[in-house]
Structures are given as structure tokens and as C-alpha cells.
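Predicted model, so just to flag it, every value in this text is computed and none were measured.
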Amino acid sequence: MKKHILVGQSGGPTAVINASLYGVIREGMAHPDEIDHVYGMVNGIEGFLSGRVEDLSHGLSREQLELLKLTPAAYLGSCRYKLPEDLNAPVYPLLFEKFRRMNIGACFYIGGNDSMDTVDKLSRYAALKCIEIPMIGIPKTIDNDLMETDHTPGYGSAAKYVATTVREIVLDASVYQQKSVTIVELMGRHAGWVTAAAALARRKAGDNPLLIYLPEGDFDMERFAMDVERALGKKNSVVICVSEGLKDERGKFICEYSDEARLDTFGHKMLTGCGKILENFVRERFGVKVRSVELNVNQRCSAMLSSLTDVEEAAMAGSFGVRAALKGATGKMVSFERGNEEAYDLSCGLKDVSLICNREKRFPLEWITGGGCDVGDEFLKYALPLIQGEPVRKMKDGMPEFLWRT
């Protein structure tokens with residue numbers, strides 16, 4: 001008897017999260033003898049519990065599917081719903097009863113760390129109750145902080161956006177003669193991968209951004225002042241890139257110096273504002289023209305600067321996940337494995353989702369250089385292949401065409 005498959009999206013969107021959704025839908029439709037319908041959870045597990053489901057295999061035309069592949073944000077909508085730690089909680093039998101009624105044969109969840117936690121709990125509950133519904137995680141996050149994978153879909157496009165935008169900011173900041181400092185605040189609570197991508201903006205050694213600070217190292221205001229003084233001695237215009245999650249040796253976030261930090265629904269501190277704090281510090285200490293720029297959600301939603309490599313790899317992850325589920329895999333996350341050291345070569349694998357959820361892959365300390373204010377060539381070699389290529393987009397009236405869910 002043919003089954004249906006179910007897919008959801010969760011957490012913060014990326015420029016290519018819908019490419020993974022595209023991969024799940026296309027691969028599901030490619031197995032008509034085993035899969036009847038591909039259904040989507042609208043607003044993730046939370047929406048599914050409310051009965052919000054969309055038929056993706058029969059509700060989207062071929063043209064719409066191609067638009068979906070290049071549409072940013074989460075087409076199905078997202079959520080930040082955390083399943084209970086206690087597998088005896090009533091939500092689990094409720095979910096699996098809904099799976100049974102819909103004749104679901106496999107479930108796919110596209111997301112980051114917290115989403116992999118959902119996959120882990122669902123797969124463990126299914127094993128506990130001897131229910132044969134494969135649960136597969138499809139990785140997604142611009143933070144690039146998931147364990148057991150070379151990188152994550154979404155990171156390449158975020159890195160390309162950061163590198164391009166910082167290069168433009170560098171040019172803009174260089175037009176005046178007087179000394180100035182521009183501070184660019186980038187996403188990254190605990191992992192500095194996104195901020196490190198600013199190094200890709202340089203044409204050659206010695207270019208701006210002259211200083212790059214990641215959350216993996218302790219941030220000290222006086223050492224920062226010495227770095228800025230040294231940089232101003234080299235260039236009239238200094239561009240500095242910082243992670244939102246910078247913290248001092250006591251573990252206190254720099255943004256907390258303003259006493260304005262809040263918590264999100266998972267209890268994570270909502271970090272914004274360290275760029276403004278550093279702006280005020282530099283102005284008071286050096287008396288130069290200074291401004292701070294926070295790129296904010298543009299880092300994850302700018303599809304016009306997405307990487308073709310990232311788009312294709314995201315779609316590949318979705319397709320691979322479906323094929324793995326059809327072979328009986330469950331409790332796994334699709335991983336990326338880099339092969340050839342000389343020429344970029346990528347393949348998909350499977351990793352136990354229990355090894356991934358509730359853990360974070362930090363930026364390697366050995367790649368941090370300059371006494372904590374720069375990144376080395378090892379990172380450039382790692383990141384450059386991920387930002388290659390530009391998707392060909394359908395345009396109308398000078399604007400990109402995207403797929404909107406109504």
C-alpha cells in the first residue's frame with residue numbers, strides 16, 4: 001500500500017531552505033509506486049498539531065516548483081516549538097495518531113539544531129512504540145554550527161551576502177579623507193562562521209575589513225582599543241566586523257553592557273546591539289567619525305545574492321533524505337562530506353541525529369589569527385567553494401519572481 005510523506009520547516013529561514021523543500025517534493029514525486037502524496041506542515045510541528053497541512057505534490061505546478069527552488073524564507077512557514085523532554089507527554093501519541101490517520105510513511109524536518117532535537121525525539125518515540133515511520137532531518141542554518149557535517153545548506157549564501165555587502169561597505173567608507181571607523185555587526189550567537197565570511201570581501205592581504213572578531217575568543221575592550229589604534233595608523237578608513245555574540249572573559253555578552261538583552265522562546269539570549277556599544281566606545285576613545293551597521297535578517301533572506309552551489313546542495317540534501325527514508329533509515333540527519341582536498345567534491349551521508357541536536361560546531365580556534373582579530377587562509381580555502389555561482393532567476397518588471405503561499 002502506497003504511503004504519503006510529510007515535510008516541515010522550522011527555525012530561522014535561509015535563502016535556500018526552500019531548495020531543500022523542492023528536493024523533498026521532487027524526489028517524492030519521482031517514486032509514484034511507493035509515495036502517493038507529499039504533504040507539508042504549515043508552520044512546522046506546531047501548525048501540524050493544529051491541523052494545518054498543504055498538499056505539495058498535487059498543489060504545485062512544475063513552474064511553481066522551479067520558483068520554489070529559488071524563493072527565500074520558509075514557504076511552508078516556520079515555528080519555534082520545542083517538544084517535551086518526557087516522551088510520555090500527551091503530545092506524542094497525539095502526533096502519531098495524526099500520522100496514522102494521514103497514512104504517513106516518512107517524515108522530514110528541515111531545520112537547525114532545535115529542529116534536529118525534534119527529529120531525535122520523534123524517532124525515539126517511534127522506536128519506543130515500535131512504529132515504523134522513518135524520521136529524517138534535513139540540515140538548514142546560516143550559522144553553519146551543526147555537528148557531523150562539513151557545512152550546512154544556507155551558509156554558502158549567507159557567506160556570499162556578507163562578503164559582497166562588506167566589500168560594498170568598504171568601498172563606501174573609503175571615499176572620505178578624514179579618519180573613520182565603520183563597525184559591521186553580523187549574526188552569530190556562539191559560532192563565528194558568518195562573521196568570518198567577511199574575510200572573503202578582501203581583494204588582497206591588508207585590505208579592509210582590517211579587524212574581524214568572532215565569539216569563540218574572549219573579547220577585551222582595552223585590547224580592542226589597541227587593535228583599532230594600530231589599524232587607524234595603517235588606514236584612514238577602518239572597517240571592523242564583529243559577531244553579535246561577542247563576550248568577555250567572564251562570559252558576559254558585550255550586548256549585555258547595555259542591559260537590553262532579552263530571551264527568545266528557547267531561552268536563548270536575543271543578541272543585538274554590540275555594534276552600537278562598540279561604536280560609542282570608539283567615538284569616546286578616539287574622537288573619530290564612526291558608525292555601526294547591523295545587517296540583521298538580510299544575511300538569511302537575500303536570495304538575489306545566493307550561491308548557486310548552495311542552492312544545488314540544499315536540493316540535493318532534500319532528495320537524498322527521501323531516498324534514505326525509502327531504504328528504511330530513521331533518526332538520521334543528512335550530512336555533507338567533502339572528499340577531494342584539491343578539487344571541491346561533495347557527497348551526502350547520514351549521521352545519527354542524537355549526535356547533532358543540542359550541540360554546536362564552533363569556528364576552529366586554530367583558524368583564528370592576528371591575536372584574535374582575524375581569520376586565516378584555512379578558512380578561505382574552506383569557504384570559497386561554497387559561494388560559487390549565481391542562479392538564473394525569472395524576473396518581472398525588474399523584480400525577481402518568488403513563490404508566495406496564499
Item to complete: With rounding to the nearest 0.5 Å, note down the distance linking CG in Leu210 to CG in Asp227.
Response: 10.5 Å
Worksheet item: Can Glu66 and Glu401 be said to form a side chain to side chain contact (heavy atoms under 4.5 Å, CB included), step by step?
Response: CA-CA 11 Å; Glu66 294 305 316; Glu401 286 259 271; over 6 Å; no
Worksheet item: Is any side-chain heavy atom of Glu256 less than 4.5 Å from a side-chain heavy atom of Lys247?
Response: no
Worksheet item: Val53 and Val42: side chain to side chain contact (heavy atoms under 4.5 Å, CB included), yes or no, with the steps?
Response: CA-CA 6 Å; Val53 177; Val42 178; 5.9 Å; no
Worksheet item: Is the side chain of Arg223 donor-acceptor paired with the backbone N or O of Gly372 at a distance under 3.5 Å, no angle test?
Response: no
Item to complete: Assert yes or no for the condition that the ring centre distance of Phe99 to Phe48 is strictly below 6.0 Å.
Response: yes
Worksheet item: Would a distance-only check, ignoring hydrogens and angles, find a side-chain to backbone donor-acceptor pair under 3.5 Å from Thr330 to Met135?
Response: yes
Worksheet item: Between Asp55 (side chain) and Ser57 (backbone), is there a donor-acceptor pair under 3.5 Å?
Response: yes
Discussion item. As a quick check of understanding, evaluate salt bridge (charged side-chain N to carboxylate O under 4.0 Å, His left out) for Lys69 and Glu312, giving each step before the final call.
Written reply: CA-CA 9 Å; Lys69 187 178 181 182; Glu312 296 300 339; 3.3 Å; yes
Worksheet item: Using 4.0 Å as the upper bound for N to carboxylate O, is an ion pair formed by Arg338 and Asp345?
Response: no
Fill in: Minimal non-hydrogen separation, Gly111 against Leu146, with atom names
O-CD1, 4.2 Å
Worksheet entry | Nearest heavy atoms of Ile5 and Gly28, plus distance in Å | CD1-CA, 4.2 Å
Practice prompt. Indicate yes or no for a side-chain donor-acceptor contact from Lys361 to the backbone of Thr149 under 3.5 Å, with no hydrogens or angles considered.
Written response: yes
Discussion item. Does Asp117 form a salt bridge (charged side-chain N to carboxylate O under 4.0 Å, His left out) with Lys82? I'd like the steps, not just the answer.
Written reply: CA-CA 8 Å; Asp117 179 68; Lys82 192 171 182 67; 3.5 Å; yes
Discussion item. Minimum heavy-atom separation for Arg405 and Leu76, please, with both atom names.
Written reply: NH2-O, 3.6 Å
Item to complete: Measure across Ala329 and Pro134 and return the closest heavy-atom pair with its distance rounded to 0.1 Å.
Response: O-CB, 3.1 Å
Discussion item. Does this structure show an ion pair linking Lys276 with Glu279, if we count only N-O contacts that are shorter than 4.0 Å?
Written reply: yes
Worksheet item: So, for Pro84 and Val91, which heavy atoms are closest and what is the spacing to 0.1 Å?
Response: CD-CG1, 3.6 Å
Worksheet, complete the sentence: Rounded to the nearest 0.5 angstrom, the CE-CE distance for Met333 and Met147 is 10.5 Å
Worksheet item: Hey, what do you get for NE2 (His190) to CZ (Phe253), rounding to the nearest 0.5 Å?
Response: 4.5 Å
Fill in: Inter-residue atom distance Lys160.NZ - Gln388.CD, 0.5 Å rounding
7.0 Å
Discussion item. Can you confirm whether Leu122 sits close enough to Phe96 that some side-chain heavy atom of one is under 4.5 Å from a side-chain heavy atom of the other?
Written reply: yes
Item to complete: Starting at CZ of Arg323, measure out to CD of Glu27 and round the result to the nearest 0.5 Å.
Response: 5.0 Å
Discussion item. Once rounded to the nearest 0.5 Å, what's the spacing between atom OG of Ser243 and atom CD1 of Ile254?
Written reply: 12.0 Å
Worksheet item: Going by atom types alone, do Thr71 and Asn18 pair a side-chain donor with an acceptor below 3.5 Å?
Response: no
Worksheet item: Is there a side-chain contact between Leu68 and Leu56 (heavy atoms, below 4.5 Å)?
Response: no
Fill in: Distance-minimising heavy-atom pair for Pro72 and Cys301
CB-O, 3.6 Å
